[in-house]
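Each remark here refers to the structure printed beneath this line.
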Amino acid sequence: MTTDYEKITVAELARRARINKKTFYRYYPTKDDLLAELQTSLSQAYLALTKDLVYPRDLAKSITYFFNFSAK
């Protein structure tokens, strides 16, 4: 199931995570703050995975890494 980001509520996130909304707000002032943390974490993990690649030589390998990383 997919939902547009704008339509996702903190109440729904908390329900799916099986936590209280107050618990969510203890760690994240808004859902945008949670998204920013997830984006940072994922981008750091991907950059660590590809740090030794050399462009343009490793472009094909980079694309493979990207799709495999995204699939996880």
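All values reported here derive from a predicted model rather than from experimental measurement.
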Nearest-0.5 Å distance, [atom1] of residue [X] to [atom2] of residue [Y]:
X	Y	atom1	atom2	answer
Ile8	Leu35	CD1	CG	9.0 Å
Leu49	Phe66	CG	CZ	12.0 Å
Lys21	Thr9	NZ	OG1	7.5 Å

Do [X] side-chain atoms and [Y] backbone N/O form a donor-acceptor pair below 3.5 Å?
X	Y	result
Thr40	Ala36	yes
Ser41	Leu38	no
Ser62	Asp58	no

**Message:** Less than 6.0 angstrom from the centroid, inside 45 degrees of the normal: does Lys31 satisfy that with respect to the ring of Tyr5?
**Reply:**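 Relative to the ring axis of Tyr5, which defines the angle, Lys31 lies inside both limits.
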
Determine whether [X] and [Y] fall in the same hydrophobic cluster, where Ile, Leu, Val, Met, Phe, Trp and Tyr are linked whenever their side-chain heavy atoms lie under 4.5 Å apart.
X	Y	answer
Leu34	Leu42	no
Phe67	Leu47	no
Val54	Ile63	no

**Prompt:** Can you find a pair of side-chain heavy atoms, one from Tyr65 and one from Leu53, that are under 4.5 Å apart?
**Reply:**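 A side-chain contact exists here, since the closest heavy-atom pair is under 4.5 Å.
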
**Item:** Side-chain heavy-atom pair Asn20, Phe24 within 4.5 angstrom cut-off
**Value:** no

**Request:** Could you verify whether a donor N or O on one side chain and an acceptor N or O on the other, from Thr30 and Asp33, lie under 3.5 Å apart?
**Result:** yes

**Request:** Grab the two heavy atoms, one from Phe69 and one from Tyr46, that are nearest each other, plus how far apart they are.
**Result:** CZ-N, 3.7 Å

**Item:** Within 6.0 Å of OH in Tyr55, more than 12 heavy atoms from elsewhere
**Value:** yes

